[in-house]
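Take a look at the structure below.
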Amino acid sequence: MHNRRLVATAAALAAGFAFLPGRAYAADPVPNAVPAPARSGWELPGAKTFTSPAGNSSRVQGRAVVAARAAAVPSTGRTVYVLTRTTCTTDTGTGTQAAPFCSLQHGVDAAVPGDTVRVDGKDEGVSPPGDMEAVVVRTSGLTLVGGTNAPQISSFNNAAGRPALTLDGVSDVTVGHLAFAGGNAPSLLVKGSSRITLDSDRLDGSGGNALTIDGTSSAITVTRSHASMFYPVAGSATISVAAGAKDVTLAGNLVRGATTDNTQTTYQATGGIAATGVQGLNVTGNTVQRGCLPGIAVDGASTAVSIQNNLLVETAAVADCDSGQPAVTVSAESAPATTTDYNDFYAESATGAGPYRWAGTAYPTVAAFKAAQTQGAHDTVETVAPQQVNSGGDWGVAYALQTGSAAIGTANQSAPGALTTDYFGHGPMSDRGAVKFQSNNPGFAMALTAKNTSAFGVSLDLDVTTLPVAQDVYIQWGDGSAVDVLNFYGDKPVKITAGHTYEKLGDYTITVTDYEKTGNTIRNTVKVSTLGSQYTAYGPKRLLDSRDGTGLAAVGRIPAYGTVKLKVGGANGIPANATAAVLNLTVTGPAADGYVTAYPDGGPRPTTSNVNYRANQTVPNLVMVPIGADGHVDLYNGGRGTTDLVADITGYFTPTAAAGFAPVGPSRLVDTRNGTGAPRGQIPGRGSIPAQIAGATPGLPNGSITAVALNVTVTNPRGDGYLTVYPSGQATPTASNLNFTSGQTIANSAVVPVGADGKIRLFNGAWAGADVVVDVVGYYSDYEMGAFMPVAPERLLDTRDPATWGSGPLKGRYYAYMSMTTHTDIPAFVFNATVTNTGADGYLAVASDPNVLADYRSGHPYPVYPPNTSSLNWRRGSTVPNLVQVTPGRGVIDFFNQSDGDIDLIVDMFGYYQNA
């Protein structure tokens, strides 16, 4: 995306009698340079504040507690060392620490009963480190434990189709602090084995279960482990216990079922824990995030089953795919020998399937289940949303209870298999689920306040209430950008400010997580919207014509001091959230002198004007006007008599990513008097000519232009008529850009959609020929960033007002310089310039000044020369307005009176563009 700041002027052209610019001297106090009052306060119109109070912050587990998890119990034998590292390439070692084996299989094969196989992983920056092999343990009495940078054993590639670890016919084996991922097979298979302990492991199922316990195994204990589905297979479960297995305990684990396949597009019916025909099963103190199948399912004729102290979580995604299957199902054959109690059920969506199906009957609520069965007397429905733990691979399934939860301190500590410490090694454990509630910083909370700082930027204030302890704050801005990390030593309270600039306009959710070093973590989020708006080309289309009743209830002129409410946002295909409209307003046949003011409906009418007219004149002007909250724009007739009014729309702005503005030139694209950009000669009556836009001049790209900002002048017309500028490839619209009378020279700004071929067309609506001059001042493109910031219209300069100007009319060949900004991210301002009481024919040129204000104040400014273009043209005694889009250069903008007579100059500001 381009992000350019150009210093060329965005003034318009010189035409007819105004083509010979005069010299202007920019030495203050040299009389030709007159300072206009510097204005401020426009810098941040409509800035919003977004808040999330401390009460919205929620406590989650912190990273620091992961290290506190209990280590696997060491054996009393020797240690066999394995190092899965790229520098370890051949298994010529002896298994000592100095000469380790290079694969886990070699280490296991070399071990004898009573040995510990210690596995250290790669340290080449891979996280988690990995090793591809399918390991089979056939020796009893071993302990396999992960050491430094413990690796993940994965049975992919040449090991695909086999479990990453198989315990085959062994007994008294412990596996701890290791990670396994199966390739189209279970990650860990327990086969014909007994007295097996799996503690603090990570099991990722890929094309199979995360853990499979076959029907010939017994006395299997799985504790404090994380089991989840990766590349799920429909109908599978994360942990599967086959018929015939005996004495299985699953306690303190994080278990996640899957809802979709790996593409995240297709629902997969998978479950959490599934056991069939088991003789002795304890499912105690687990946190189960269920998939599309039940979180815990006991089938067949199972006996001695206990389901207690579990936290069962159903996400909103699961509610869309659970097909009415409850969180826990127990078959009719298993129900008589099953005890369920002290479980806590949490559902993100009210459309969830309910807690139980018991002996074939589904119960939609815990209350209904209790009323019908002698079970679940202490079961609870979680009303305080538990929060996900942000601790690496455990994110998304390790849910921490929050203050006010009925599951805190209410677990049955005598339940079969109940642990004294939680998944992270914290104790004592008396809470339901796998994660203990942490409260050693009881007042720990964080309030967030965000504010707009620019079109794309926000500031974020964090107000943290905490005990004095070192903390790390992680700020995720919601746009995928790098996380900002702030470090501080807490006290009560702590205030921190951060800032961010988004690359695209839109709505974002900022997530702030505060990790304090005693192990507590809180998180809060706040939704923000960027302030700027970008452009969408539209039409041109006529929205209002009092002469035929378009846009009105009936045909009729606009009364003196009357107002028309024009529906823009939410009508004619224009989005309801449109913030501003680009309208071409034309006053025709007014009965008396006056003016038209355009402003957003629902707000006060400003003192500024958009179109000034004399009696019986036809006067056009382009306006960029904010749209009211109800989608309307008000058009006020400030004249003493009635008038007809026409409004054509050529585009609108929305607070979402669209086309940004970039100034260029000004550069002359077309001059029919000398053949520039078109055949030499007037455009014939009722005729049209094309004009190349894309790549036509330096600064205009060859493609990607959606609309172009122009100043269009008609001169030497041989009859009355109008000019319409429209995109190439479309039929000539009924809208017009300016109206002229025979012999008149008249200019108007235009923002015109560009055709697919990169061209526009100029249509002469008169019956006789006319010369046309077109200058480009900027363009809109999806690759540019300039976002429009409409402001409440403000009068910056009025030479008729001695209170603010004090220098009288602007003399011929004089210029007024106006200091506007010190910002470097503003490519252009949007003004409405009006000249009146004109003493001679001439034109107004507007350009950026090569000086900064300090240069003038020092008395040594650089020489200033006006451009050979104009923003508006006039005849002596006339009043002429025109929209001006001009780049501020180094912050100062010049207004040149390019005539030999005095003029009064009025400059109203309507907005500006800002880059990220």
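Since the structure is predicted, the reported quantities are computational estimates derived from the model, not experimental observations. These values consider heavy atoms only, across backbone and side chains, with no hydrogens, waters or symmetry-generated copies.
Within the 4.5 Å cutoff, the side chain of V725 has no heavy atoms near those of the F763 side chain. The side-chain heavy atoms of L552 and V564, taken from C-beta on, include a pair separated by under 4.5 Å. Contact check for F788 versus Y912: no side-chain heavy atoms found under the 4.5 Å cut-off. In this structure, the side chains of I705 and L700 come closer than 4.5 Å at one or more pairs of heavy atoms. A heavy-atom distance below 4.5 Å is found between the side chains of V880 and L872. You'll find the side chain of L710 stays beyond 4.5 Å of the side chain of S749, heavy atoms only. V714 has its side chain within reach of L738: a pair of non-hydrogen atoms, C-beta onward, lies under 4.5 Å apart. Proximity of I826 to F829: side-chain heavy atoms (C-beta onward) are separated by under 4.5 Å at one or more points.
For residues 590-600, every residue pair satisfying the salt bridge (charged side-chain N to carboxylate O under 4.0 Å, His left out) rule, not counting sequence neighbours, is listed here: D593-R614. Under the salt bridge (charged side-chain N to carboxylate O under 4.0 Å, His left out) criterion, the residue pairs touching residues 647-660 are R542-D648, with sequence neighbours excluded.
Scored by the salt bridge (charged side-chain N to carboxylate O under 4.0 Å, His left out) test, D900 finds R813 as partners (sequence neighbours excluded).
Here the closest heavy-atom approach between residue A828 and residue F661 is recorded as CB-CE2, 3.7 Å. Residue P655 comes nearest to T579 through the heavy atom pair CD-CG2, 3.7 Å, listed as atom of the first residue, atom of the second, then distance. Shown here for P684 and N764, the closest heavy-atom pair between the two residues is O-ND2, 3.4 Å. Contact record, A658 with T536: CB-OG1, 3.8 Å, taken as the closest heavy-atom pair. In plain terms, the two heavy atoms of A581 and V568 that are nearest each other are CB-CG1, 3.9 Å. For A455 against A787, the heavy-atom pair with the smallest separation is CB-CB, 3.9 Å.
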| query | side chain to side chain contact (heavy atoms under 4.5 Å, CB included) between M624 and Q885: does it pass, once the steps are laid out? | reply | CA-CA 11 Å; M624 292 185 179; Q885 300 196 79; 3.5 Å; yes

| message | Run the side chain to side chain contact (heavy atoms under 4.5 Å, CB included) test on S546 and D644 for me, step by step, so that the C-alpha distance in whole Å, both residues' side-chain angles and the decisive distance to 0.1 Å come before the verdict. | response | CA-CA 6 Å; S546 62; D644 278 314; 2.6 Å; yes

| task | Take Q617 and V587, measure what side chain to side chain contact (heavy atoms under 4.5 Å, CB included) needs, and give me the verdict at the end. | result | CA-CA 8 Å; Q617 271 190 319; V587 172; over 6 Å; no

| Does the side-chain hydrogen bond (donor to acceptor under 3.5 Å, both in side chains) test come out yes or no for N851 and Y817, once each step is laid out? | CA-CA 10 Å; N851 299 284; Y817 60 90; over 6 Å; no

| message | One pair to check against side chain to side chain contact (heavy atoms under 4.5 Å, CB included): I627 and H632. What are the steps and the verdict? | response | CA-CA 6 Å; I627 299 171; H632 287 83; over 6 Å; no

| Taking it one step at a time, do D902 and K811 satisfy salt bridge (charged side-chain N to carboxylate O under 4.0 Å, His left out)? | CA-CA 4 Å; D902 295 351; K811 295 181 174 60; 5.8 Å; no

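The CG atom of N739 sits 6.5 Å away from atom OG1 of T588, with the distance rounded to the nearest 0.5 Å. The CE atom of M785 sits 7.5 Å away from the CG atom of L505 when rounded to the nearest 0.5 Å. From D904, atom CG reaches atom CG of L810 across 9.0 Å, with rounding to the nearest 0.5 Å. Rounding to the nearest 0.5 Å places CD of Q534 at 10.5 Å from OH of Y913. Atom OH of residue Y814 and atom CZ of residue F896 lie 14.5 Å apart, to the nearest 0.5 angstrom. Atom OG of S819 is separated from atom CZ of R890 by 11.5 Å, given to the nearest 0.5 angstrom.
Because its NZ or CZ atom is both nearer than 6.0 Å to the ring centre of W767 and within 45° of the ring axis, R686 counts as a cation-pi partner of that residue.
In this structure, T643 contributes its side chain and I558 its backbone to no donor-acceptor pair below 3.5 Å. S781 contributes a side-chain N or O that, together with a main-chain N or O of S704, makes up a donor-acceptor pair within less than 3.5 Å. Remark: side-chain polar atoms of T821 are paired, donor with acceptor, to backbone N or O of H823 under 3.5 angstrom. T672 contributes a side-chain N or O that, together with a main-chain N or O of V772, makes up a donor-acceptor pair within less than 3.5 Å. Checking side-chain atoms of K567 against main-chain N and O of G569 turns up a donor-acceptor pair under 3.5 Å. No donor-acceptor pair closer than 3.5 Å links the side chain of T608 to the backbone N or O of P793. At least one donor-acceptor pair closer than 3.5 Å links the side chain of T650 to the backbone N or O of V751. Proximity of a side-chain donor or acceptor of D671 to a complementary backbone N or O of G675 within less than 3.5 Å is not detected. With D775 contributing its side chain and N711 its backbone, the two residues share no donor-acceptor pair below 3.5 Å. No donor-acceptor pair closer than 3.5 Å links the side chain of W874 to the backbone N or O of P881.
Judged purely by distance below 3.5 Å, without hydrogens or angles, the side chains of Q744 and T741 pair a donor atom with an acceptor atom. In summary, the side chains of S736 and T724 do not present any donor paired with an acceptor at a separation below 3.5 Å, with no hydrogens or angles considered. No side-chain donor-acceptor contact under 3.5 Å links N882 and N832. In this model, no donor atom of one side chain and acceptor atom of the other lie less than 3.5 Å apart for Y599 and N610. Using modelled atom types and a 3.5 Å distance limit, the side chains of T715 and T713 yield no donor-acceptor pair. A donor atom on one side chain and an acceptor atom on the other are not found under 3.5 Å apart for Y535 and T706. Side-chain atoms of Q730 and R761 form no donor-acceptor pair, as typed in the model, at a separation below 3.5 Å. With 3.5 Å as the limit, one finds a donor-acceptor pair spanning the side chains of N637 and Y613. Under the 3.5 Å distance criterion, with hydrogens and angles disregarded, a donor-acceptor pair is assigned to the side chains of N748 and N584. There is no side-chain donor-acceptor pair under 3.5 Å between T745 and N873.
A salt bridge does not link K759 with D757: none of the charged nitrogens is closer than 4.0 Å to a carboxylate oxygen. A salt bridge links R795 with D908: the distance from a Lys NZ or Arg NE/NH1/NH2 to an Asp or Glu carboxylate oxygen falls below 4.0 Å. Under a 4.0 Å N-O distance rule, the pair D841/R876 does not qualify as a salt bridge.
Of the residues V625, L544, I649, the one that meets the side chain to side chain contact (heavy atoms under 4.5 Å, CB included) test with V633 is V625.
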